[in-house]
Number of protein chains: 2
Amino acid sequence: MVSKHQGPGNAVARPLRRDAEANRQHILDAAGRLMAERGLATPLEDIAAAAGVGIGTLYRRFPTRADLVEALFQDRLAAYVADLETAVGTDDGWEGLVWFLSRAAARQIADRALSELIEQDLGPDTIRHLRDRVLPLADTLVEHARASGRLRADFTVGDLALVQHMLAGVGAVTSPVSPTAWRRYLTLLLDGMLARREAPTPAEEPAPTVAQLKHVHDQRPRQGARPRCC
Amino acid sequence: MVSKHQGPGNAVARPLRRDAEANRQHILDAAGRLMAERGLATPLEDIAAAAGVGIGTLYRRFPTRADLVEALFQDRLAAYVADLETAVGTDDGWEGLVWFLSRAAARQIADRALSELIEQDLGPDTIRHLRDRVLPLADTLVEHARASGRLRADFTVGDLALVQHMLAGVGAVTSPVSPTAWRRYLTLLLDGMLARREAPTPAEEPAPTVAQLKHVHDQRPRQGARPRCC
DNA sequence: GCGAAACTGGAAGAAGTCCCTCCGCTTGTG
DNA sequence: CACAAGCGGAGGGACTTCTTCCAGTTTCGC
């Protein structure tokens, strides 16, 4: 069985015809743009239209939505993980955390689909695999920041995930009006995250555990939308 | 033309038959429960089924979704506004703000439909009218809190709305796991909102204006969901 | 009791969204 | 120039939700 798609370790099966390659690119561009705005579930017909090709062409090049998502978000997710690694490598733990939060929020707000990939359990396996590296790294990042003494001692990875979620939330809502307004709330949250000499308000609630977070992003089911993606 | 529904200043047109009245009640109960969980756009057929009546019965009693929403949320919204008034009446401005935030978040997290009514521009006119009282009251509340000296001087009503939005967001995501976890993030946010002797991190971003907030909650269109509600 | 009026359930048709296949026509390339 | 590769988009299928309608059932005043 000769796979039409290049299997791993398999040289390019055959270069696409020039026009076909151009169309492939148009599709990727359009999908990237539309999904960033509307999310992973963007109708394929809209994408084809935006790319200026027929729906048939899209299906020929990307037989399933997962193929498209994979081609699109491999890099973006990798960049996200790379940020995380950079942050972990920063000398000052607190600075690293702040830098990461800022970058991650910017990325997620600029790209709704990326947000969905990170927060929910979606996407083809190739991508899942990348996302699995996130949690351990994030854990280390938080630990470093705590060790620096500037982060509240009771702050956890779970908290980090939810802070990101909150930032993505404000961003989604404010960005049409002011694309940078979310930074205001980043500073607000950071102020809350700082350890303080003066007794900080005790956080009576226990931090969510990692195990709990697994279930956290099931996303409440919307109306007539059967889970259409991946 | 004699309206079948009691017009304003019109005595009850005619009491419903006993069985009909009971069914009406069942419908309201079911709708309240389901909409709290799934939002204003919950399919009417689901509601009828949960109420144990036929879809025809639901339509006879509430010809439009707006009629149902009105019957359901008049009280709940009024209670929300009442909270706001109570908070404004509190002596200590900061305490009032904290109390309100806590109550509002609890209400919104417990009732997704209520959240939608408050944040978005939905609902029948009867309800809109109530919601219009929110902004001025909230404005006063924030002013009082600032006057008390405990709230950051640069905090605005717009900020309040977005803080509520963030809390609703965490709540939505955490409540299936821990129904009170959101309180942890309330304390985090409150810490960030406190004025401080030690120079607070300057919020470089300007606060969103009230005019901007009008557009803020247009809520990005989800997938195949034409705006079905109201 | 009894009959008229009120009420009921749910089948059925309409409208809409999105998915995916298929095939006759077009186009790049050796 | 021949022909494999590529193309578009009509059309059928699967859903979901809305809304109407009417033959049968129940309540209530007399």
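In what follows, chains carry the letters A, B, and so on, assigned in the order in which the sequence lines appear, proteins first and then strands, with residues in each chain numbered from 1.
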Nearest whole Å is fine: how far is D:dC7 P from A:Phe62 CZ? 11 Å
Among the nucleotides C:dT8, C:dG9, C:dC18, which one has an atom lying closest to any side-chain atom of B:Val53? C:dG9
Output all residues satisfying ring pair (Phe, Tyr, Trp, His ring centres under 6.0 Å) with B:Phe100, sequence neighbours left out; order by chain, then residue number. B:Tyr80
So for A:Arg17 and C:dT27, does any side-chain atom that can act as donor or acceptor lie under 3.5 Å from a complementary atom in the base? yes
Without decimals, in angstroms, what is the distance between A:Arg61 CZ and D:dC7 C1'? 10 Å
Identify the residue among A:Leu117, A:Leu68, A:Leu114, A:Leu72 that makes a side-chain contact (heavy atoms from CB on, under 4.5 Å) with A:Leu40. A:Leu117
With DNA chain D as reference, determine whether B:Leu16 or B:Gly56 sits nearer its 5' end, using the nearest nucleotide of each. B:Gly56
Do the side-chain N and O atoms of A:Arg107 and A:Ser115 include a donor-acceptor pair separated by under 3.5 angstrom? no
What's the CD-P distance between B:Glu45 and D:dC15, to the nearest Å? 16 Å
D:dC15 C1' sits how many Å from B:Asp46 CG, rounded? 14 Å
Round to the nearest Å and state the distance from A:Leu44 atom CG to D:dG9 atom P. 16 Å
Does any part of the side chain of A:Asp139, heavy atoms only, come nearer than 4.5 Å to the side chain of A:Leu160, both counted from C-beta? no
Under 4.0 angstrom, heavy atoms only, what part of the nucleic acid is A:Arg18 near: base, sugar-phosphate, or nothing? sugar-phosphate
Would you say D:dC7 has OP1 or OP2 under 4.0 Å from some side-chain N or O of A:Asn23? yes
Atom-pair distance (CD on A:Glu21; P on D:dG6), nearest Å: 10 Å
I want to check one thing: is the phosphate of D:dG6, taken as OP1 and OP2, less than 4.0 Å away from some side-chain N or O of A:Thr57? no
What is the separation between atom CZ on A:Arg14 and atom C1' on C:dG28, rounded to the nearest whole Å? 14 Å
With a 4.5 Å heavy-atom cut-off, do A:Gln108 and A:Gln164 have their side chains touching? yes
With the side chain defined as heavy atoms from C-beta on, A:Pro43 is closest, among D:dC18, C:dG9, C:dC18, to C:dC18
Which heavy atom in B:Thr174 sits nearest to a heavy atom in A:Leu162, and how many Å separate them? CG2-CD1, 3.6 Å
Under 3.5 Å side-chain donor-acceptor pair for B:Thr64 and B:Asp67: yes
B:Asp19 CG to D:dT27 P, in whole Å, measures 5 Å
Look at the side chain of A:Arg60 and decide which nucleotide, out of D:dG6, D:dA4, D:dT26, has an atom nearest to it. D:dG6
Angle between the two end axes of the helix from C:dG1-D:dC30 to C:dG30-D:dC1, five base pairs per end, rounded to 10 degrees? 10°
